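To find a chain, count down the sequence lines: A is the first, B the second, and so on, and within it residues start at 1. All of these numbers come straight from a predicted model, not from anything done at the bench.
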Amino acid sequence: MDENKIIAERRAKLATLREQGHSYPNHFRRENSAADLQAQYGEMDKEALAEAEPVRVKVAGRMMLRRIMGKASFATLQDHTGRIQIYVTRDELPEGFYNGQFKKWDLGDIVGAEGYLFKTNTGELSIHVENIELITKSIRPLPDKFHGLQDQEVRYRQRYIDLIVNQESRETFLLRSKIVQHVRDFLIRKNFMEVETPMMHVIPGGATAKPFATHHNALDMPLFLRIAPELYLKRLVVGGFERVFEINRSFRNEGLSTRHNPEFTMVEFYAAYTDYHQLMDYTEELLKELAEMAIGSTTVPYQGQEFDFGKPFARLTMKQAIMQYNEGVTAEQLENFESAKALAESLNIKVDEGYGLGKILTEIFEETAEHRLMDPTFITEYPAEVSPLARRNDADPFITDRFELFIGGRELANGFNELNDAEDQAERFKAQVAAKDAGDDEAMHYDEDYITALEHGMPPTAGEGIGIDRLVMLFTDSASIRDVLLFPHMRQS
RNA sequence: GGGUCGUUAGCUCAGCCGGUAGAGCAGUUGGCUUUUAACCAAUUGGUCGAGCGUUCGAAUCGCUCACGACCCA
C-alpha cells in the first residue's frame, strides 16, 4: 500500500516523538470507563457537580473528535464502553506541552487523561484535564468522523476499522456475545454439560454436506474439517454423559451467500431419556428468553417485518404445511408416489431418478411453504428418507420423530429423536453410501466406529442443532450473515 | 453459475449528453479558553479498480477481467 501524504506526516510525527523518548509505553493504568462515568454522573446537574467534592478520574481511549479553540480544546475519547469528553487547557499543562505536544496529536491516537469531572454549559459530562499523555500513536487516518465507514468490503476485510468507527457494528457483536452466553447459560441451567469434540474428522458425518479436505503430514492421512459434531456428541451419550452440548464451528464446502459462510457456528445438544417434544419446548423457551434479552419484547423486527414470539409457536406437520400453502392439494395426493411426483412437476420441481416419496414431499415443502413461515413455526413428521440419523416414528415408519423450526422463512433449528438402533443405522448408512456412489457428493459416509458405539447401546436420546449465526442475524436485524461474523470469508483481493 | 448495480483524494460523495477532476471531512498553516459533525481564513493531496478498444481527445462510450452489494438458481 502506498504511503500517502497523511501517513508520511504521521510517521514524521512519530519519529519526532521517538526522539523525545516515546516508546509505545505501557505504564498507564486507567481507573474509569466512559460508560461507568456516564452512568454514575451523567444525570447530575452542572451546579451540583461543581459544588461537590471534585471527582477525580483517570481514563484512556482513542481520540475520535477534537475541537481546538485557541488555548483550550475539547476532545472525545472512546473506550470499549463508550465515549467521554475531555477538556484540555494550555495553562494547566506543563509549559509548552499544549502547543508542542497535544495540538500535534491526531484523531485515532490513543490517549490517557486524568482530571476531575464537570459539566459544560450545554450539559455534557466532561473531564477537566490536569494530566494527559499520548499512549499509542496511530499512523493511519480514520474514516470520516461523521459518516463512518460505508464501504461494505472494507468493513468486512478490515473489521477493526469498522469496529472503531461504526457503533452499530460494535453493538451487533456485543449482542452476538450475549446471545451465545445466554444459550450456554440456558443449557447449563437445564443440566447440560459443555464439551468439545474433534473439528478434524477422519470420516465427515452428522450432516449431508460437502466437507473441506486437508491432510495430516506426520500421519500421512487425509482429514476433513467437520460438517457437524453430531456423531461425536452421541458417542458421548453412549459413554454416559447423558446431557451434553457443544457451541462451536462447523465447515461446509459450499457457495457463499448472504446466508452461508464456509465456517459457521452451531449449538448442538443431546439429552438422554427425552424426546423431540421436550426439545421443542426447550427451544421455544430459549427463543422467548433470547427475544426478551436481545429486543426487550416478544415482537421481533426483522428487515421491515415483525415476528411474533409472544404466542405459543405454531406446530404443523410437513404435510399440513404443504396443504396450507398449496390450495386444493389433498392429503391423499401426498400419500402416493405418482400423485406427489405429478404435483412436484406441476410446481416446476425437478424430480431426480433416485427420489422417493419422502424426498419429493420435502422438496415440495421447501419450494412452496418454507419461505412463508414467518412467525416461529415447528414443522414435524420429516420423512425417514431425508433423515438418515433420526429415529422412525412408532406408528408410521415412513416418517421420523423430527422437527425443524422456521422463523422469517428460514430454518433455524433441527432436532429429532436419535436413531439408537445400530442395525437400522447401519442400513441407513448403506443407503447413503449407495447415493454417494450414484453421484450424490453430499451423501454420508459409512461410519463404522459410530455403528460400533451404537452397538454398545445408546439410551433413547433426543438431539438438536441451532444455527447461532442465523439466530444472531434475526435478533440484530442483519440482512447478511457477513454482518454477524467478525471476519467473514472473502475472496482474495 | 445467471442478472442488475457499484468501484473517482485517507473517508463520505459529486462529476458520466466525451474536451484532460471537484466538494465536505481528515491533513497542513494562522485565529479563537465551555466546544460538540465546533467555527473562521488560507492551503496540500488523485495512475478516476485493472487491461484492451473506439476517438484528434476517455473518469465519461464499448469489451474483458478483478473485487463488492443486491436479486435469482
Side-chain angles (χ1 to χ4, degrees), chain A residues 1-14 16 34 38 42 45-47 49-50 62-78 82-93 98-99 102-109 115-130 137-162 164-167 254-261 303-304 347-350 363 366-367 370-371 409 478-483 488-493:
Chain A
M1 192 179 285
D2 263 4
E3 292 273 288
N4 67 35
K5 196 178 167 209
I6 292 175
I7 295 174
E9 279 168 359
R10 289 191 175 202
R11 277 196 197 281
K13 288 179 182 177
L14 173 61
T16 304
Q38 302 286 7
D45 63 41
K46 183 173 164 68
E47 289 70 28
L49 202 51
R62 196 180 290 275
M63 186 163 69
M64 302 302 292
L65 296 170
R66 187 173 51 164
R67 297 170 287 281
I68 298 176
M69 305 166 300
K71 299 175 192 66
S73 297
F74 286 95
T76 301
L77 301 189
Q78 175 173 292
R83 292 181 171 195
I84 185 89
Q85 178 170 267
I86 61 173
Y87 177 66
V88 182
T89 61
R90 186 192 68 180
D91 295 342
E92 285 169 279
L93 296 178
Y98 183 78
N99 285 309
F102 175 76
K103 280 168 76 171
K104 293 196 164 78
W105 297 348
D106 294 294
L107 296 186
D109 287 352
Y116 57 89
L117 289 178
F118 76 108
K119 279 216 163 173
T120 64
N121 291 337
T122 49
E124 177 161 353
L125 184 68
S126 308
I127 300 170
H128 194 120
V129 168
E130 294 170 317
K137 181 68 192 165
S138 160
I139 57 176
R140 289 186 184 267
L142 288 178
D144 190 284
K145 67 185 179 187
F146 183 64
H147 297 94
L149 183 64
Q150 302 298 322
D151 187 312
Q152 281 298 341
E153 184 172 354
V154 179
R155 292 183 64 184
Y156 296 147
R157 288 187 194 275
Q158 294 182 277
R159 182 66 86 185
Y160 45 91
I161 303 177
D162 181 40
I164 291 169
V165 299
N166 291 329
Q167 204 199 330
E254 293 159 0
L256 306 178
S257 79
T258 50
R259 288 182 282 278
H260 298 88
N261 195 68
Q303 304 291 301
L347 292 164
N348 281 324
I349 295 167
K350 194 158 70 76
E363 290 285 322
E366 288 178 355
E367 183 65 29
E370 182 174 313
H371 63 279
S478 297
S480 169
I481 193 170
R482 293 180 163 191
D483 294 322
H489 184 81
M490 304 287 281
R491 285 174 196 272
Q492 284 199 301
S493 53

Engineer: Can you give one letter per nucleotide of nucleotides 23-34 of chain B, going 5' to 3': B for a protein heavy atom under 4.0 Å from the base, S for sugar-phosphate only, - for none?
Structural biologist: -BBBSS---BBB
Engineer: Mind checking salt bridge (charged side-chain N to carboxylate O under 4.0 Å, His left out) for A/Arg155 and listing every partner two or more places apart, or none if nothing turns up?
Structural biologist: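 Counting only residues at least two positions away or on another chain, A/Arg155 forms a salt bridge (charged side-chain N to carboxylate O under 4.0 Å, His left out) with A/Asp162.
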Engineer: Select base, sugar-phosphate, or nothing to describe what A/Gly255 touches, counting heavy atoms under 4.0 Å on all strands.
Structural biologist: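 Result for A/Gly255 = nothing.
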Engineer: OP1 or OP2 of B/A66 less than 4.0 angstrom from a side-chain nitrogen or oxygen of A/Arg491, does that happen here?
Structural biologist: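 Negative; the distance criterion is not met.
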Engineer: Under the side-chain contact (heavy atoms from CB on, under 4.5 Å) rule, collect the residues that match up with A/Glu124, sequence neighbours excluded.
Structural biologist: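 In terms of side-chain contact (heavy atoms from CB on, under 4.5 Å), with neighbours along the sequence ignored, A/Glu124 is linked to A/Gln85, A/Thr120, A/Ser126.
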Engineer: Taking any heavy-atom pair under 4.0 Å as a contact, classify A/Arg83: base, sugar-phosphate, or nothing.
Structural biologist: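 Contact class for A/Arg83: none.
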Engineer: Side chains of A/Tyr87 and A/Ser73: any donor to acceptor distance under 3.5 Å?
Structural biologist: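 Their side chains do not contain a donor-acceptor pair, so the 3.5 Å distance test is not met.
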Engineer: Which nucleotide, in any strand shown, forms a Watson-Crick or G-U wobble pair with B/C16, with both distances under 3.5 Å?
Structural biologist: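 Pairing partner: none.
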Engineer: Could you tell me which residues satisfy side chain to side chain donor-acceptor pair (under 3.5 Å) with A/His147, sequence neighbours excluded, listed by chain and number?
Structural biologist: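 A/His147 satisfies side chain to side chain donor-acceptor pair (under 3.5 Å) with A/Asp144 once adjacent residues are dropped.
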Engineer: For B/U34 and B/C39, measure between their C1' atoms and round to the nearest Å.
Structural biologist: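 So the two C1' atoms sit 14 Å from each other.
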Engineer: With rounding to the closest Å, how many angstrom separate the C1' atoms on B/A9 and B/G27?
Structural biologist: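 To the nearest whole Å, 11 Å.
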Engineer: Distance between the P atoms of B/C40 and B/A14, in whole angstroms?
Structural biologist: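 Straight-line distance between the two P atoms is 24 Å.
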Engineer: Could you pull out all residues at least two apart from A/Asp151 that satisfy side chain to side chain donor-acceptor pair (under 3.5 Å)?
Structural biologist: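 Partners of A/Asp151 under the side chain to side chain donor-acceptor pair (under 3.5 Å) test: none.
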Engineer: Which nucleotide, in any strand shown, forms a Watson-Crick or G-U wobble pair with B/G45, with both distances under 3.5 Å?
Structural biologist: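 Pair assignment: B/G45 / none.
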Engineer: Under a 3.5 Å cut-off for both contacts, is B/C52 paired Watson-Crick or G-U wobble with anything, and if yes, with which nucleotide?
Structural biologist: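 WC or wobble partner is B/G62.
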Engineer: Is A/Gln85 touching bases, backbone alone, or none of the nucleic acid, heavy atoms closer than 4.0 Å?
Structural biologist: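 Contact class for A/Gln85: base.
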Engineer: With sequence neighbours left out, write down each residue that passes side chain to side chain donor-acceptor pair (under 3.5 Å) with A/Thr89, or none if nothing qualifies.
Structural biologist: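 Side chain to side chain donor-acceptor pair (under 3.5 Å) list for A/Thr89, sorted by chain: A/Glu92.
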Engineer: In whole Å, measure the gap between the P atoms of B/G68 and B/U8 for me.
Structural biologist: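 15 Å, rounded to whole Å.
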Engineer: A/Arg67 side chain N/O closer than 4.0 Å to the phosphate oxygens (OP1, OP2) of B/U35?
Structural biologist: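 It does not, given that no N or O in the side chain of A/Arg67 lies less than 4.0 Å from OP1 or OP2 of B/U35.
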